[in-house]
Amino acid sequence: MSVSLQAGLNLKTLTSSSTIVSHGSYIVSLALTVSSNYAALATKSTESAQGNAILLYSLSSTGLAHSKTLSVSDGSVPTSMRVVPNFSGRSSLMSAHEQNGGIKVWDERKVHAPKNRNILSFDLSSDGNMLAAGTDLQSDDASIFYWDPRNPSKPLHTHSSTHSDDITTLHFHPTMSHVLLSASTDGLLSTSSAAEPDEDEAIQEVANWGCSISRAGWYSRGSPTDYGVWAASDMETFGLWSDNLDLLSDFGNIRQPSLTGRWTTDYLIDAYDSYIAPGPFGASGLTLLLGSNSGDVAVASVPESSDARHTWSIKGILEGGHSDAVVRSVIWDRFSGVLVTGDEEGRITAWRTPIRDVDIGGDVEMEDIQPARVGSKRPRDGDRNEGTKRGRYDG
């Protein structure tokens, strides 16, 4: 299935005027902390740069201001970061690490991974009772470790045959806290029961996309109980699946469609679910953050109805904040109406975007807006055939 782009009814362009640069750093990830600070996970990209760290920024009427630095002092390399709402009963900032491994909870606690394992991805269940982490491939093993957050010194159990290459993504189901979605560079999407120690019994569904998966997640399909799965590949392809991992839409190369003279997509930055509350520019449902080689960002919505899903609507374009750098991370602060973006050259830019599309009857036109200043494993039978899906009880 191919996909085309259309301009939203009130397509807007924002021109940034608030950017902070962390020189010599690569902004890996962004998060919104419980104290309303923006956290930027920065890794060294040059010898002259400061060490790996989490940089905290506050937001004021004059822009972003650096408020604190949390240094990574043990020599490990952070790979991902997120804020979880319920780690041992409170919201916590957490990061996963390569070299010396483990998951750090930034109140001086640490979840210990087995030695010499690089943690690439992690998530905490919605009830706060299970922490999962995915590793890179070493020898013949790429593993998912499970911990009880109340006793993080030793994993409860380990699943080591769900995937046969780097585990790039882990996400617990938004409402079924025991169901874990995992994705890997082996091309497989999988759902598992995190509470089941026996891996053969734990695996619920497996789908083979046939390409290296860089990221994936859950999204609402129009009700609080009906969720689907989205995934993106290293080849800049994108697809949707049901919660049972039946393929719904394979959009192919997202770089092919364009809005002539307005927008051309070069890569996907991220996707998130705007079902509960509107996203930037009033985006609803599954929302995509698209990047261009000029450093600009577009916000697009993917319609849920199958007859309209091949057309993505561009809601807004963010221009001039990243000076031809590749944007790799984004966080939407729906409480403040601020979108924060980070790139490979250490720039962090805040954009105050409309949260509603008020001109629902207007013509399609580009409008410049000056924003307020804001800061080798054994494969399962059939898993290697492109496009196949294996249920838990399939032969």
Side-chain angles (χ1 to χ4, degrees), residues 3 5-8 11-16 19 26-32 38 40-41 80-82 168-169 171 213-220 229-234 236-240 251 253-255 257-259 262-303 311-322 324-334 336-344 347-355 357 371 374:
V3 62
L5 295 178
Q6 67 176 14
L11 176 61
K12 291 180 171 62
T13 299
L14 299 187
T15 303
S16 168
T19 299
Y26 183 126
I27 304 302
V28 176
S29 183
L30 293 166
L32 176 64
Y38 301 110
L41 182 59
S80 61
M81 174 187 67
R82 66 178 59 181
T168 54
T169 296
H171 283 291
I213 301 174
S214 58
R215 58 184 65 219
W218 300 96
Y219 74 100
S220 174
V229 171
W230 64 267
S233 78
D234 290 321
E236 303 300 344
T237 56
F238 190 82
L240 301 178
F251 295 106
N253 190 343
I254 65 171
R255 295 170 293 192
S258 64
L259 291 176
R262 297 183 176 186
W263 178 260
T264 298
T265 300
D266 292 305
Y267 56 92
L268 175 76
I269 304 169
D270 208 347
Y272 64 92
D273 190 1
S274 298
Y275 173 73
I276 296 177
F281 301 100
S284 61
L286 180 58
T287 301
L288 307 184
L289 282 304
L290 307 171
S292 74
N293 288 336
S294 59
D296 299 332
V297 176
V299 178
S301 288
V302 180
T311 301
W312 297 352
S313 177
I314 299 290
K315 298 296 186 180
I317 298 172
L318 311 174
E319 291 184 342
H322 293 280
D324 297 336
V326 175
V327 178
R328 287 302 184 196
S329 51
V330 62
I331 186 70
W332 167 237
D333 178 1
R334 63 185 178 90
S336 300
V338 172
L339 189 73
V340 181
T341 52
D343 68 34
E344 293 183 350
R347 295 183 188 88
I348 302 165
T349 301
W351 316 76
R352 195 177 296 280
T353 73
I355 59 174
D357 193 349
V374 290

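No experiment lies behind these values; they were computed from the predicted model shown.
Note that the CH2 atom of Trp312 and the CG atom of Leu290 stand 6.5 Å from one another [nearest 0.5 Å]. Distance OH/Tyr272 to CG/Leu289: 5.5 Å, rounded to 0.5 Å. Asp343 contributes atom CG, which lies 8.0 Å from atom OG of Ser329 (distance to the nearest 0.5 angstrom). In this structure, CZ in Arg82 is found 12.5 Å from CG in Leu41, a value given to the nearest 0.5 Å. Distance check, rounded to the nearest 0.5 Å: CD of Glu319 to CH2 of Trp351 gives 8.0 Å. Note that the CG atom of Leu32 and the CG atom of Asp333 stand 4.5 Å from one another [nearest 0.5 Å].
Taking the side chain as every heavy atom from C-beta outward, Leu268 and Leu288 approach each other to under 4.5 Å. Side-chain contact between Ile27 and Ile348 is present, with heavy atoms from C-beta onward closer than 4.5 Å. Between Ser214 and Asp234 the shortest side-chain heavy-atom distance falls below 4.5 Å. Contact annotation: the side chain of Tyr267 approaches that of Asn293 to within less than 4.5 Å [non-hydrogen atoms, C-beta and beyond]. Within the 4.5 Å cutoff, no side-chain heavy atoms of Ile269 are placed close to those of Thr341. Between Phe238 and Trp230 there is a side-chain heavy-atom pair separated by less than 4.5 Å. At least one side-chain heavy atom of Thr353 sits under 4.5 Å from a side-chain heavy atom of Trp332. Using a 4.5 Å cut-off on side-chain heavy atoms (C-beta onward), His322 and Thr349 make contact.
Under the side-chain hydrogen bond (donor to acceptor under 3.5 Å, both in side chains) criterion, Ser292 pairs with Ser294, not counting sequence neighbours. Legend: residues meeting salt bridge (Lys or Arg N to Asp or Glu O under 4.0 Å) with Asp296, ordered by chain and number and at least two apart, are absent. Looking at residues two or more places apart in sequence or on another chain, you find a side chain to side chain contact (heavy atoms under 4.5 Å, CB included) between Ser233 and Trp209, Cys211, Met235, Thr237. Looking at residues two or more places apart in sequence or on another chain, you find a side-chain hydrogen bond (donor to acceptor under 3.5 Å, both in side chains) between Asp270 and Arg215. Residues satisfying the side-chain hydrogen bond (donor to acceptor under 3.5 Å, both in side chains) criterion with Ser284, sequence neighbours excluded, are absent altogether. In this structure, Asp324 has no side-chain hydrogen bond (donor to acceptor under 3.5 Å, both in side chains) partners at least two apart in sequence or on a different chain.
Minimum heavy-atom separation, Ser29 to Met81: OG-O, 3.2 Å. In terms of heavy-atom proximity, Ala283 sits nearest to Val299 at CB-CG1, 4.1 Å. Taking all atoms of both residues into account, the shortest heavy-atom contact from Pro280 to Leu339 is CG-CD1, 4.2 Å. Between Ala300 and Ile314, the shortest heavy-atom contact is CB-CD1, 3.9 Å. Between Arg347 and Ala325, the shortest heavy-atom distance links the atoms NH1-CB, 3.4 Å.
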